[in-house]
Amino acid sequence: MSEARPEFMEQAIALATENVASGRGGPFGAVIVKDGNVLATGVNHVTEWNDPTAHAEVVAIREACKQLGNFWLEGCDVYTSCEPCPMCLAALYWSHVRAIYYGNSAADAARIGFDDSFLYDEMRKPLDQRTIPIQNLLAEKAWESFAAWEASPFKVKY
């Protein structure tokens, strides 16, 4: 793990606090750093943009990828004001960041109404026991797109 830089966490926390004070969104901020420089920042825009995926980390990932012209964030460190939720954690893993530093814990977030524990619980359940029904449909037909990918000269591994 790279060496933590508290000034970047302070920036993430300041972004989160300012986002609340402005009335634009929830108390979450993220900063993505590469080679000791801020590459991108993000704050929670869920209610402002009517987008349930507009978490601070996802917003910052999208901006960082634009800045780099790449979908991988190798060598980047993420400073986020709160421990990432399952969606953000998955996005950070998919982006191949080097390290994640967080301020508030998931338990802290739960205490103020941002409780993600049900998501972790849902993912452990068998498909037929999940809250939202989930069903396999047209699996053989769906395989056609996977077969096309396997044969494609244009595929890019990620």
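All heavy atoms count here, side chains included; hydrogens, waters and symmetry mates do not.
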* Asked: Which of these passes side chain to side chain contact (heavy atoms under 4.5 Å, CB included) with I13: E10, Q11, M9?
  -> M9
* Between F146 and W149, does the ring centroid distance fall short of 6.0 Å? -> no
* Asked: So do P86 and D116 actually touch side chain to side chain, heavy atoms under 4.5 Å?
  -> yes
* Asked: Would you say the side-chain atoms of N19 pair up with the backbone N or O of G29, donor to acceptor, closer than 3.5 Å?
  -> no
* Asked: S95 and L92: which non-hydrogen atoms are nearest, and at how many Å?
  -> OG-O, 2.9 Å
* Shortest non-hydrogen contact from L73 to A64? -> CD2-CB, 3.8 Å
* Asked: Just wondering, more than 12 heavy atoms not from K125 lying within 6.0 Å of its NZ?
  -> yes
* N/O donor-acceptor pair under 3.5 Å between K34 side chain and G75 backbone -> no
* Quick one: does N44's side chain get under 4.5 Å of P27's, heavy atoms only? -> no
* Taking C-beta and beyond as the side chain, do W49 and V59 meet within less than 4.5 Å on heavy atoms? -> yes
* Shortest non-hydrogen contact between A60 and G42, atoms and distance -> CB-N, 3.7 Å
* To do: Work out which heavy atom in E83 is nearest to a heavy atom in A106; give both atom names and the distance.
  => OE1-N, 2.8 Å
* **Under 3.5 Å donor-acceptor, S145 side chain and A142 backbone** => yes
* Asked: Would you say the side chain of F28 lies within less than 4.5 Å of the side chain of F114, judging by non-hydrogen atoms?
  -> yes
* Asked: Same hydrophobic cluster for V58 and V97, using side-chain heavy-atom links shorter than 4.5 Å among ILVMFWY?
  -> no
* Asked: Is there a path of hydrophobic side-chain contacts, each under 4.5 Å between heavy atoms of I, L, V, M, F, W or Y residues, that connects Y93 with I32?
  -> yes
* Is there side-chain contact between T53 and M87, with heavy atoms separated by less than 4.5 Å? -> yes
* In one Ile/Leu/Val/Met/Phe/Trp/Tyr side-chain cluster, 4.5 Å: Y101, V38 -> yes
* Asked: How far does CH2 of W143 sit from CD of E150, to the nearest 0.5 angstrom?
  -> 5.0 Å
* Would you say Y79 and L39 are hydrophobically clustered, going by side-chain heavy atoms of ILVMFWY under 4.5 Å? -> no
* **Of V33, L68, I61, the residue whose pairing with C76 passes side chain to side chain contact (heavy atoms under 4.5 Å, CB included)** => L68
* Would you say I100 and P84 make side-chain contact, with heavy atoms under 4.5 Å? -> yes
* Donor-acceptor pair, side chain of E122 and main chain of T131, under 3.5 angstrom -> yes
* **Full working for salt bridge (Lys or Arg N to Asp or Glu O under 4.0 Å) between E18 and R24** => CA-CA 9 Å; E18 203 285 318; R24 288 191 308 264; 2.8 Å; yes
* Looking at OH of Y158 and CH2 of W94, how far apart are the two atoms once the value is rounded to the nearest 0.5 Å? -> 7.5 Å
* **side-chain contact (heavy atoms from CB on, under 4.5 Å) between R5 and V31, worked out** => CA-CA 11 Å; R5 301 268 306 269; V31 175; over 6 Å; no
* Separation between SG of C82 and CD of E57, rounded to the nearest 0.5 Å -> 7.5 Å
* Asked: Where is the tightest heavy-atom contact between V20 and G26, given as atom of each residue plus distance?
  -> CG2-C, 3.9 Å
* Consider only side-chain heavy atoms of I, L, V, M, F, W and Y, link residues closer than 4.5 Å, and tell whether L127 and I132 are in one cluster. => no
* To do: For Y102 and S105, work out which heavy atoms get closest and say how close.
  => CE1-CA, 4.0 Å
